[in-house]
Chemist: 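Input: one structure, supplied below.
To find a chain, count down the sequence lines: A is the first, B the second, and so on, and within it residues start at 1. Given the structure is predicted, the values throughout are model-derived calculations rather than measurements.
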Amino acid sequence: MLKTQTPSRPDALTWVFLGLGLLLLPLGLYLALAAPPDVNQGYLVRIMYLHVPTAWVGYLAFFVTFLYSLLYLFRQDPRHDRVALASAEIGLVFMGLALVTGMLWARPTWGVYWTWEPRLTTTAILFAVYLGYFLLRGAIEDPELRRKAAAAVGVLGFLNVPISYMSVKWWRSLHQTQSIDLTTGRIHMDPAMLQALLFNLLVFTLLYLGFTRFRAMVAALEEAKEEA
Amino acid sequence: MLLRLEAVSKRFGQDWVFRDLSLSLKRGEVVALLGPNGSGKTTLLRLMAGLLKPTRGRVVRQGRALFLPNPPAFHRRLTAREHLLFDLGFHGVAGDWEAALTRFALPPDLPLAAFSSGMKKRLALARLLLLRPDLWLLDEPETALDQEGRKLLLEVLEEARRDAGVVLATHDRALAEAVADRAVGLGAA
Amino acid sequence: MRRVWLLALRDLRLEVRDRAGVLSVLAFFGVMLFVMALALGPEEAPLRRAAPGVLWVALAFMSTLLATRAFALEVEENTLDDLLLTPGGKEWVYLGKLLFQLLLLLPLSALALLLSAGLFYLPLARAPALLLTLALGVLGYASVATFYAGLLARLRGREVLLPLLLFSLVVPVVLASVRATVGLAEGLPLEEVAPWWQLLLVFDLVYITASALLFPLVLEG
């Protein structure tokens, strides 16, 4: 769904993802604002409709970077590298948004902008890893070496997620219980809230797909220009 | 067929070093690469060795290739004996390093930092002879060698062509004419 | 396997003949601990509290310095090509460089432990357990540092990029090692320290395996 050919303008699928995403974004916002307030958190809960989808997209994006980096290392096809790059860039932006919304939520809830909570800390570490990814890309002139080195960081960086998470979790713990517990499948949430959250997850995923395809196309154009 | 280049092109940044170069080499053949400084001889040798990838085209290689850079690269703090022993170990080859050092008139226990550039060149030839690659890629092997050294080089090349192929980049036309079966000219870009 | 040992021994021999390199790494470590002790001291309690953290951050710096040296040996002399032209897979180059670093890092970090015991009042009563923590943690640092040092070997500006890439990846090692060291210093029973060792072991295994597999793909032309 992400690998584009090398056209000079975005193809139909890219427009579909982007168009649907942008079109549905206001609807998602409406659902988020219309959802009932939380028993404990009141209206503050609404930041969740932004926080959870951005964090989801961030992790999804880095996972995609991991996959395409592996593909690049084994196949050496520059197209895979471009998807990895595009996905990492979009991921970094959304991860940044997730960190900011998390801090905005933490301030009135816990009284501080930053706490050393496992998921928050893991996210921050991951953010630093991918910041390194882009600094590394910027530092290498030879395109072949740049792609390989970036791919290695993309792979090793993502392997770090579970280990970092476990280490920080043991190190210290306090966070909102997960809204949707993936390990047990239990959902602690009002149906209206859940509906709004899932809808926003869908919208952000569409936006992610569109942005990444678009960015990969721009990367292809950049490379074509570099080679010409 | 030991080595085949199929329409190989290489570019660094914006500049093409060479374009659409095709070439093949059999066992027992010696090919000389001729061309002025900056014409891409070293780049071509490194491509043949597999140390660089072509921007376009294909390099097909069979057997083990070794590349002798100019000037030759050694660890200064090792002695000639140590260097050869470690190299034999890394390549998993058995060889009589003692005889090689005697033949090339090299002191076994002197750190290489004390070697002259001619001695280093001799050591590089001794090393290649011990490691017995299938494909010898030599970058200006004649430089820094004295009369005696040059004679050794000619001997080594004769021995190499018995069961291997040789590509040598050189500015020395007399050498190329003496040993090479063919010459490939590379023009400046 | 034989090649791994051979490469480690050769590099060790080169490093010992050079001496200046290892000595400056050790001197750097000493000065760093000294300045940190001045900044945090002179009362005993805060120094004792800070000791594990300071020790492990300083060790992280030490391992980046050594990892850079492991490949600088080859790049300065232009001999990296020779290693890449050896027959067969190139995993052994990574493993050999890693072994070389461990052979240097382990004694150096034991010295570092003594230094922090002296300057920061870190109790050494449970030396075997401390040494185990040291070995597992240092292996974690070195596994990633060696890989990145090889990757960046030919780049200018690698001295800045290496710590940047390394430190974000080794956060789990820092946390686990510091916690284990704190636990040992405070006299916790070994069962409570053991989970941290497990975590370190998992990190070491994952990163050594992944690095050894990726190294040939990244380094070959």
Side-chain angles (χ1 to χ4, degrees), chain B residues 8 10 42-55 59 61-79 81-94 111-115 120 123-124 127-128 130-139, chain C residues 1-23 69-100 103-104 150-151 153-156 215-221:
Chain B
V8 166
K10 181 68 188 176
T42 305
T43 304
L44 187 55
L45 286 175
R46 289 173 56 85
L47 263 168
M48 290 171 167
L51 291 167
L52 285 177
K53 270 225 176 100
T55 314
V59 177
R61 193 176 43 250
Q62 275 174 357
R64 290 188 306 131
L66 281 184
F67 168 58
L68 165 58
N70 179 43
F74 292 112
H75 286 286
R76 260 172 305 155
R77 290 197 171 76
L78 293 178
T79 67
R81 184 168 56 97
E82 288 170 332
H83 218 297
L84 291 182
L85 276 172
F86 281 122
D87 282 333
L88 287 169
F90 293 155
H91 287 262
V93 179
L112 298 188
F115 271 39
K120 281 188 195 157
L123 179 59
R127 174 177 178 272
L128 281 176
L130 279 174
L131 296 178
R132 299 220 155 274
D134 301 296
L135 180 59
W136 296 51
L137 304 167
L138 312 175
D139 196 2
Chain C
M1 194 54 221
R2 200 176 146 256
R3 292 196 285 184
V4 174
W5 273 104
L6 230 90
L7 181 59
L9 289 179
R10 190 204 66 183
D11 285 357
L12 211 55
R13 189 174 292 192
L14 286 171
E15 200 60 87
V16 167
R17 283 187 192 164
D18 193 9
R19 255 179 249 120
V22 184
L23 286 181
R69 286 194 61 80
F71 283 92
L73 284 178
E74 311 290 349
V75 174
E76 278 164 19
E77 310 271 23
N78 206 12
T79 45
L80 197 53
D81 289 347
D82 286 343
L83 293 180
L84 296 182
L85 287 177
T86 53
K90 306 295 174 286
E91 294 84 0
W92 70 276
V93 177
Y94 168 76
L95 294 173
K97 291 285 177 189
L98 180 61
L99 184 62
F100 156 65
L103 292 177
L104 268 182
L151 186 66
R154 295 179 215 251
L155 284 188
R156 273 171 293 134
F215 193 76
L217 293 174
V218 170
L219 222 64
E220 276 166 74

Chemist: Go through the atoms of R76(B) and report whether side chain, backbone, both or neither lie under 4.5 Å from a heavy atom of chain C.
Modeler: both
Chemist: Is chain B contacted by the side chain of L83(C), its backbone, both, or neither, given a heavy-atom distance below 4.5 Å?
Modeler: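 Contact with chain B involves the side chain of L83(C) alone.
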Chemist: Count the heavy-atom pairs under 4.5 Å between each of N78(C), L7(C), L85(C) and chain B, then report the option with the highest count.
Modeler: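 Of the candidates given, the most pairs with chain B belong to L85(C).
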Chemist: Given a strict heavy-atom distance threshold of 4.5 Å, which part of R10(C) is in contact with chain B: side chain, backbone, both, or neither?
Modeler: both
Chemist: Can you name the closest pair of heavy atoms from L73(C) and H75(B) and give their distance?
Modeler: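 Closest heavy-atom pair between L73(C) and H75(B): O-CE1, 3.4 Å.
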Chemist: Tell me, with the steps shown, if R3(C) and H91(B) meet side-chain contact (heavy atoms from CB on, under 4.5 Å).
Modeler: CA-CA 9 Å; R3(C) 292 196 285 184; H91(B) 287 262; over 6 Å; no
Chemist: Rounded to the nearest 0.5 Å, how far does CG of D81(C) lie from CG of L68(B)?
Modeler: 11.5 Å
Chemist: Quick one: do D82(C) and R127(B) satisfy side-chain contact (heavy atoms from CB on, under 4.5 Å)? Show the steps, please.
Modeler: CA-CA 11 Å; D82(C) 286 343; R127(B) 174 177 178 272; 3.5 Å; yes
Chemist: Let me know if R17(C) has heavy atoms under 4.5 Å from chain B in its side chain, its backbone, both or neither.
Modeler: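 R17(C) touches chain B through backbone and side-chain heavy atoms alike.
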Chemist: With a 4.5 angstrom heavy-atom cut-off, could you sort out which part of A49(B) is near chain C: side chain, backbone, both or neither?
Modeler: both
Chemist: Testing the basics here: between F74(B) and E77(C), what is the closest heavy-atom pair and its distance to 0.1 Å?
Modeler: O-OE1, 3.1 Å
